[in-house]
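Below: one structure, written as structure tokens.
Just the heavy atoms: all of them, side chains too, but no hydrogens, waters or symmetry mates, feed the values below.
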Amino acid sequence: MSDRASDRVRTALGALELPNPVLTASGCGGTGRELAQFFDLTRLGAFVTTSVMPQARAGRPTPRVTETPSGLLTAMGLPGPGIETFLERDLPWLIEQDVRTIVSIAGNSVEEFGDLARRLRHVPGVAAIEVNVACPNVEDRGRMFGWHPSAAASVLRAVRAAARPGTPIFAKLAPDVTDIVGIALACVDAGADGLTLINTMDGMAIDPHTLRPALTGVSGGLSGPAIRPVAVRCVYQVHAALPSTPIIGVGGIATGLDALEFILAGASAVAVGTALFHDPAAGPRVLRELDEALAARRIGRLPDAVGLAHKPAGYVPPQVRPQEPEKEKL
């Protein structure tokens, strides 16, 4: 098969049409320049930026990364250059490379989220905005906006009001909640066009040599294959409640079959994250494997596989091609 994916994998996230469903997860692709050393970024459905904040941040002191069984535990503290440098240096480079770009934003208050969306309002080349509500809320003693439906909704309303009309807005949610469906509903009611599920899970590791927490931040975000079953469950539950809302599935995707699992659960696109750290070209490989997996199951269009796991037994999607009859032997 060609290194380029077929038209079989074309997808859409609401009004945002994409040539394929494979994205990068926010925070795992750097500025884009790092991954561009390994493959042409235009081969991705879209590149999702590291979460941009109003001011430059150095992040937490080291150590802020540690490996765990089947996963990675990080407490980075959202380091980054801030919105000014992002708009002057990073976003123009991505636009110049003709990369479809989804800008992730993060803030410590509702006003900061709104201001970031306003800064992006007249900037060309922004395909969509991903709102990282899994951020500390300094207005609520360090809790995360994404832990409460009303707090998450307040952020989405501010972003929707400030963003350019027509710009797709996706709310990125954390799984460490009692009712992720309720939070998803609140975000959509407040103006989110879609959802990104999931962000990392809260976890902790203790170094048996130092007898102290392995991270200076004590706890951190768990990512990688260890959280994939949780992510698939979240996608499945939210798609069941909001079947018409586009979902980007994230969490431990390392192969095309991993991606297919999310799509069957209800995701219209997937984002590859932790896998990029040991295989920078994982995105195109996952895409190729996904294309092959759809072909092997005779599914002619990716949208026909979205949410297929919710269908009753015996359901055959309209684009599944019938098995070709065997030719008679001479």
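Put simply, the side chain of E34 never gets that close to the backbone of G30: no donor and acceptor are under 3.5 Å apart. With S219 contributing its side chain and D202 its backbone, the two residues share no donor-acceptor pair below 3.5 Å. T24 places no side-chain N or O within donor-acceptor distance of the main-chain N or O of G29, the cut-off being under 3.5 Å. Side chain of S51 to backbone of S104: no donor-acceptor contact under 3.5 angstrom is found. A donor-acceptor pair is defined here as one N or O able to donate and one able to accept, closer than 3.5 Å; such a pair exists between the side chain of R297 and the backbone of A293. Panel note: side chain E289, backbone G256; a donor-acceptor pair is recorded below 3.5 Å. At least one donor-acceptor pair closer than 3.5 Å links the side chain of S26 to the backbone N or O of T49.
For F86, there are no ring-ring contact (aromatic ring centres under 6.0 Å, His included) partners at least two apart in sequence or on another chain. When the side chain to side chain contact (heavy atoms under 4.5 Å, CB included) test is applied to E261, the partners found at least two apart in sequence or on another chain are R228, V232. Listed by chain and number, the residues in a salt bridge (charged side-chain N to carboxylate O under 4.0 Å, His left out) with R164 amount to none (sequence neighbours excluded). Under the side-chain hydrogen bond (donor to acceptor under 3.5 Å, both in side chains) criterion, T274 pairs with S223, not counting sequence neighbours. Qualifying side chain to side chain contact (heavy atoms under 4.5 Å, CB included) partners for T210, counting only residues two or more places apart in sequence or in other chains: D207, R212.
Listed here is the closest heavy atom pair of L302 and S268: CD2-O, 4.0 Å.
Atom-to-atom distance recorded for L91:CG and I83:CD1 is 8.5 Å, nearest 0.5 angstrom. Note that the CZ atom of R57 and the CE atom of M53 stand 4.5 Å from one another [nearest 0.5 Å]. Distance OG1/T42 to CG/L94: 12.0 Å, rounded to 0.5 Å.
The side chain to side chain donor-acceptor pair (under 3.5 Å) pairs that include a residue from residues 85-103 are R33-D90, where partners are two or more places apart or lie in different chains. Sequence neighbours left out, the pairs with a member in residues 270-284 that pass salt bridge (Lys or Arg N to Asp or Glu O under 4.0 Å) are D279-R285. Listed by first and then second residue, the side chain to side chain donor-acceptor pair (under 3.5 Å) pairs that reach into residues 187-201 are E130-T196, N132-N199, R160-D193, sequence neighbours excluded. Among pairs with a residue in residues 244-256, those fulfilling side chain to side chain donor-acceptor pair (under 3.5 Å) read T255-D258, at least two apart in sequence or across chains. Residue pairs meeting the ring-ring contact (aromatic ring centres under 6.0 Å, His included) criterion with at least one partner in residues 228-260, sequence neighbours excluded, are Y236-H310, H239-H310. Here side chain to side chain donor-acceptor pair (under 3.5 Å) pairs that include residues 173-182, with residues two or more places apart or in two chains, number zero.
Using a 4.5 Å cut-off between side-chain heavy atoms of Ile, Leu, Val, Met, Phe, Trp and Tyr, with links allowed through other members, L44 and V250 fall into different hydrophobic clusters. In the hydrophobic cluster analysis, where Ile, Leu, Val, Met, Phe, Trp and Tyr join through side-chain heavy atoms closer than 4.5 angstrom, L78 is grouped apart from L215.
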- Derivation and outcome, side chain to side chain contact (heavy atoms under 4.5 Å, CB included), residues L87 and R119: CA-CA 9 Å; L87 292 177; R119 294 294 305 273; 3.6 Å; yes
- Yes or no on side chain to side chain contact (heavy atoms under 4.5 Å, CB included) for L13 and I247, after CA distance, side-chain angles and deciding distance? CA-CA 7 Å; L13 294 169; I247 295 173; over 6 Å; no
- Query: Are F170 and I129 close enough, and set up right, to give a side chain to side chain contact (heavy atoms under 4.5 Å, CB included), and what steps lead you there?
  - Reply: CA-CA 6 Å; F170 288 78; I129 296 173; over 6 Å; no
- Query: For L197 and I248, what are the C-alpha separation, side-chain angles and deciding distance, and is it a side chain to side chain contact (heavy atoms under 4.5 Å, CB included)?
  - Reply: CA-CA 6 Å; L197 306 171; I248 301 170; over 6 Å; no
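A salt bridge links D304 and R301; the closest N-O separation between the charged side-chain nitrogens and carboxylate oxygens is under 4.0 Å. A salt bridge links D115 and R118; the closest N-O separation between the charged side-chain nitrogens and carboxylate oxygens is under 4.0 Å.
Each of I183, L173, V133 was compared with F145 under the side-chain contact (heavy atoms from CB on, under 4.5 Å) criterion, and only V133 meets it.
Taking Ile, Leu, Val, Met, Phe, Trp and Tyr as members and joining any whose side-chain heavy atoms lie under 4.5 Å apart, directly or through other members, the hydrophobic cluster of L72 also contains V65, M76, F277.
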